[in-house]
Student: 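Have a look at this one.
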Amino acid sequence: MHYSKRYKKRIAQLECELEMYKKVAIAAEANSKQNLILFKEEQRKRQNLESELEKQKRLNTDLQAKSCLWEREGKNLHAELKKMGELSDAYADSLKKIKALEKKLNIRKGTEDPYGLNTPSSKKVNKPNSTAENRAKRGGAKPGHEGHGRKDFTVAEADQVTYNSVPSGRPCCDNPDLHPVGTVNHAVYNFVPMKLEKVMNVNTKYHCVNCDSDVLAAAEDTFPGAKYSNMAGALSIAECYFHNATIGSVAERFGINKGTLIGIAHRYADALEPLYRQIIFEMRKSLFLHADETGWSMDGKKAYAWLFANDLFQVFAFRETRGSIVPKEILGEEESELILIVDRYRGYSPLLLFRQFCYAHLFRDVEELKLEFPDDKQVTVFCDDLMNQLTKAMKLKSESLSRQKYVSKARKIKKEIMRICHEEANDPGVQGIQDIFRENEDKLFHWVENPDIPCENNFGERNLRPVVILRKISFGCQSERGMRTREILMTILHTAKCRGHDPVNFLERALNILCKDPKADLRHLIFSDELSNSQDDSIAA
């Protein structure tokens, strides 16, 4: 073949290949543009991922720091979680109890009295109107009662007789012409104002030749060195410690310095302390005693006033504690047959004697349960039945029955009370009252076999009430010695009154005896019966 043909053929092939390469180049260029777009998109994604990675690194660092913190506080958090779990369980239990009690809630009107059944009348929100029957009642004597009349004394019995001759009032007419025709006696009682009398005692001084000592005569009614006689001291002390007047008011009325009056009280208390111990010793022999306590104040601090009393004794104790140490001190720690009438305060529990729970307190507890659930038929029936029997028991002593009839009726009341308290009941309040009688039967029925033993403590509460009034007007005592002085003098004066003595005259006689002999035995003044000699060692101790 000619070379030109071959070259032409070759050129044609090359041109074909060139066209093909152009197409490939165009396709490659198009692919390159598309790849560039994809590359830029991938580059943006990479940048976003790198930014997110930085954020994740920072977050990871924060989490690691918090993890260290949580690891240190993990124990506290675990304890808190455990406590929260316990509180959650307690809350669930409380909700169950609330749901159980919601059925017994009465409708509140906003006019209820303050809490407690002994609310004073002045603090009652709503006072019930008097019944028509009570409004129809009138004061004074019963219809048809003649009365006792006024008892006058005679001229011979009068301390002073005054003769009046001048007519009193308006003239009987315009021109009166009066002539005496007789006399009319008019008996009048007059108070003589009390006045301090100044007395100068001139005491003879003696000298003993044998022992070379001086002996001084002294008045029998005045302590050595005392400024006031025993009569003046007894009168002022009785005002403070028997009639419950404040020391300041008595000092002002009598014209005595307040500090001097306090000193007189301390001196008399120290001298009469053996008699105070003798009264306590004799009181322990009693068949029964009422006991109660109330708040007192000692120099602004909380203290307590105690009373142990019956018809023949009233022993007071003022202490800073309400613990059982006080009744142990007064009544002794030995086993005794004494019956102590008290409320259910546990401070008397350690005493080795018999206790009689007060029915008046039990009655108030039952009444309070009835008022709390007025719509509950079970509670109402139980409370009415038990309150009826408690009332019968408290009134039984006043019925003036023979001993045999008293015991027979008392046994029936006891049997009915225990029947009520052994009946089946599903109300928690009723069960609580029943348990008191079931668990304390030995402390509830001492009055059944002996009509002399009361079943309530009203005597103790009545005799302690003046102490409450005294606390409010005097604000208590200023020292422990003041409390000791008060308990000694109040015990002696009130016990003397219980035994038929006039407190002032009794105290004066006792002081006059102590003036002659500071160690004199004063038991014969207050105890009329013969005292046993076996107590001497105990008193001395």
Side-chain angles (χ1 to χ4, degrees), residues 118 240-244 265 269 272-334 336 338-358 360-361 443 454 456-498:
N118 294 326
C240 296
Y241 295 95
F242 181 79
H243 297 293
N244 294 330
L272 294 169
E273 186 172 359
L275 180 58
Y276 171 75
R277 295 198 301 269
Q278 291 162 359
I279 291 174
I280 293 177
F281 184 87
E282 291 298 323
M283 182 188 67
R284 294 176 182 176
K285 302 176 183 178
S286 302
L287 172 64
F288 69 90
L289 283 175
H290 297 267
D292 200 6
E293 70 287 335
T294 187
W296 189 253
S297 177
M298 195 280 287
D299 195 21
K301 296 185 295 184
K302 185 71 172 178
Y304 296 92
W306 298 73
L307 173 65
F308 304 87
N310 56 23
D311 293 336
L312 296 176
F313 296 93
Q314 285 194 33
V315 173
F316 293 87
F318 294 85
R319 299 288 190 274
E320 293 185 72
T321 176
R322 199 188 175 201
S324 61
I325 186 175
V326 179
K328 282 182 179 179
E329 174 191 346
I330 300 298
L331 300 177
E333 300 187 39
E334 303 84 10
S336 172
L338 177 68
I339 299 173
L340 195 63
I341 305 170
V342 294
D343 52 19
R344 300 194 304 279
Y345 173 50
R346 295 179 180 271
Y348 301 102
S349 301
L351 299 176
L352 301 178
L353 42 73
F354 299 105
R355 283 182 292 158
Q356 168 66 52
F357 285 165
C358 173
H361 284 81
K443 304 177 184 68
E456 32 71 24
N457 197 27
N458 294 338
F459 181 88
E461 293 188 353
R462 283 195 302 268
N463 286 277
L464 194 60
R465 189 173 295 119
V467 178
V468 177
I469 299 173
L470 179 63
R471 179 191 67 209
K472 294 181 179 180
I473 63 176
S474 68
F475 305 106
C477 299
Q478 298 299 315
S479 64
E480 291 185 9
R481 187 182 183 188
M483 292 201 298
R484 181 64 175 170
T485 295
R486 178 166 290 281
E487 70 183 17
I488 292 173
L489 296 178
M490 287 184 65
T491 295
I492 293 174
L493 292 174
H494 283 81
T495 300
K497 179 65 176 179
C498 290

Student: Hey, is CD1 on Ile325 packed in by over 12 heavy atoms from elsewhere, all under 6.0 Å?
Tutor: no

Student: Counting the benzene-type ring for Trp, do His290 and Phe308 have ring centres under 6.0 Å apart?
Tutor: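 Centroid separation for His290 and Phe308: 6.0 Å or greater.
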
Student: Indicate yes or no for a side-chain donor-acceptor contact from Asn310 to the backbone of Phe288 under 3.5 Å, with no hydrogens or angles considered.
Tutor: yes

Student: Side chains of Glu293 and Tyr348: donor-acceptor distance under 3.5 Å anywhere?
Tutor: yes

Student: Can a donor-acceptor pair be found, under 3.5 Å and without considering hydrogens, that links the side chain of Thr485 to the backbone of Gly482?
Tutor: no

Student: Does the distance from a Lys or Arg side-chain N to an Asp or Glu carboxylate O, for Glu329 and Arg319, drop under 4.0 Å?
Tutor: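 Salt bridge: yes.
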
Student: Verify, without hydrogens or angle tests, whether Glu333 (side chain) and Lys328 (backbone) share a donor-acceptor contact under 3.5 angstrom.
Tutor: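 No; judged by distance alone, with no hydrogens or angles, the pair does not exist.
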
Student: Tell me whether Lys302 forms a cation-pi arrangement with Tyr304, defined as NZ or CZ under 6.0 Å from the six-membered ring centre and within 45 degrees of its axis.
Tutor: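 Output yes; distance and angle both within limits.
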
Student: Are the side chain of Asn457 and the backbone N or O of Ala291 linked by a donor-acceptor pair below 3.5 Å?
Tutor: yes

Student: Got a donor-acceptor contact below 3.5 angstrom from the Ser286 side chain to the Met283 backbone?
Tutor: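 Checked: pair present.
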
Student: Determine whether a donor-acceptor pair (N or O, by modelled atom type, separation under 3.5 Å) exists between the side chain of Ser324 and the backbone of Pro350.
Tutor: no

Student: Is a side-chain donor or acceptor of Arg322 paired with a backbone partner of Ala305 at a separation under 3.5 angstrom?
Tutor: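 Looks like no, no N/O pair under 3.5 Å.
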
